[in-house]
There are 2 protein chains.
Amino acid sequence: MNTQTQNAFRALADPTRRDIVLMLASEEMTIGQLTDRFDMTRAAVKKHLTVLSDGGLITVEARGRERINRLEPMGMAPVLDWLSYFDRFWDDRLANLKKAIEGNQK
Amino acid sequence: MNTQTQNAFRALADPTRRDIVLMLASEEMTIGQLTDRFDMTRAAVKKHLTVLSDGGLITVEARGRERINRLEPMGMAPVLDWLSYFDRFWDDRLANLKKAIEGNQK
DNA sequence: TCGTCGTGATACCAAATGGTTTTATATTAA
DNA sequence: TTAATATAAAACCATTTGGTATCACGACGA
């Protein structure tokens, strides 16, 4: 019943949202700036941002009439953690990964 | 446009499907065996298995009238690969992970 | 102060999603 | 051969999802 894990997986399931995450990895952006880069309305982008926020993948800061959207990289931790269960199926080089993630997880 | 990445993310977005993946990590199972472990019809489980198969996360082998469903761990590689882009946001221990995955990706 | 700019929120819509029931088909067992 | 088993496939349904258009509102600038 880990809703954090579920919300993060759900947020990453949509290609537009993954693109947003990649864009925010380069620089923080307002909704308007993000909308300029997509062929959809501001309202649609806003909905995606809400899902990303629910998934813990971004944070939003109000600045005047603007809203600054920033990547929250640690929001991906639940996803990586879930995936790390399967490390044993890959080769030994990947075993290090699991330990690294677990060490990073709080 | 990477449909493999999209299909894998989509497949993992549903909690029932993630549970199936975990179950198949322990042992291969027929649809009937999987259905016994869920509170839903065989048809519903079958639909989830189709999505998982589309995502490259399982393989199905016909054996008589049964269908053996097996985990395909490398199906998660596109997901891990996408996520590895964000390694730079975590601490240095995670840098190893990225290299490991990339080495594994052929 | 007054218009405009950036955003939030709501109502609405078509399509996708996760489920069921029903019908059909191939394989196995008696 | 016949009945039971394991699955497939299709029709159907309610809800969710990804999008639009519209309206409301606080913040800024002239």
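A note on names: the letters A, B, ... follow the listed sequences, proteins ahead of strands, and every chain is numbered from 1.
Per the geometry, CG belonging to A/D36 stands 14 Å off P belonging to C/dC5, to the nearest Å. Rounded to whole Å, atom P of C/dG18 lies 11 Å from atom CG of B/L52. Rounded to whole angstrom, the span from the CZ atom of A/F38 across to the C1' atom of D/dG19 amounts to 14 Å. Here C/dG8 presents its P atom at 11 Å from CD1 of A/I68, a figure rounded to the nearest Å. Between the NE2 atom of B/H48 and the C1' atom of C/dG19 there is a distance of 8 Å, rounded to whole Å. In this structure, B/M29 places its CE atom 16 Å from C1' of D/dA6, rounding to the nearest Å. For the pair B/L34 CG and D/dA6 P, the computed distance is 14 Å after rounding to whole Å. Straight-line distance from the CG atom of B/L49 to the P atom of D/dA6: 16 Å, rounded to whole Å.
With DNA chain D read from its 5' end, the first of the two nearest nucleotides for B/A43 and A/M40 is the one closest to B/A43. Where A/K47 and B/E66 each meet DNA chain D at their nearest nucleotide, the meeting point lying more 5' is that of B/E66.
Between the side chain of A/E66 and the main chain of A/R63, no donor-acceptor pair closer than 3.5 Å is present.
Atom CD of A/E27 sits about 11.0 Å away from atom CD1 of A/I68, to the nearest 0.5 Å. Rounded to the nearest 0.5 Å, atoms CZ (B/R18) and CG (A/N2) are 8.5 Å apart.
Contacts with DNA chain D (heavy atom under 4.0 Å) in residues 12-28 of chain B: none are found.
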Exercise. Given the rule in the salt bridge (charged side-chain N to carboxylate O under 4.0 Å, His left out) test, do B/R67 and B/E61 qualify, once you have shown the distances and angles that lead to the verdict?
Worked result: CA-CA 6 Å; B/R67 298 290 181 281; B/E61 180 201 344; over 6 Å; no

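Among C/dG18, C/dT20, D/dG18, the nucleotide with an atom closest to any side-chain atom of B/R10 is C/dG18.
Not one side-chain nitrogen or oxygen of A/R67 sits closer than 4.0 Å to the OP1 or OP2 atom of C/dG6. Between A/T30 and C/dG6 there is no side-chain polar atom (N or O) within less than 4.0 angstrom of OP1 or OP2. In this model, the phosphate group of C/dA29 is not approached by any side-chain N or O of B/R65 to a distance below 4.0 Å at OP1 or OP2.
Contact detail for A/P78 and A/T5: the closest heavy-atom pair is CB-OG1, 3.6 Å. Closest approach of B/Q6 and A/P15 over heavy atoms only: OE1-CD, 3.4 Å.
Each of A/L49, A/I20, A/L24 was checked for a side-chain contact (heavy atoms from CB on, under 4.5 Å) with A/M29, and the lone residue meeting it is A/L24.
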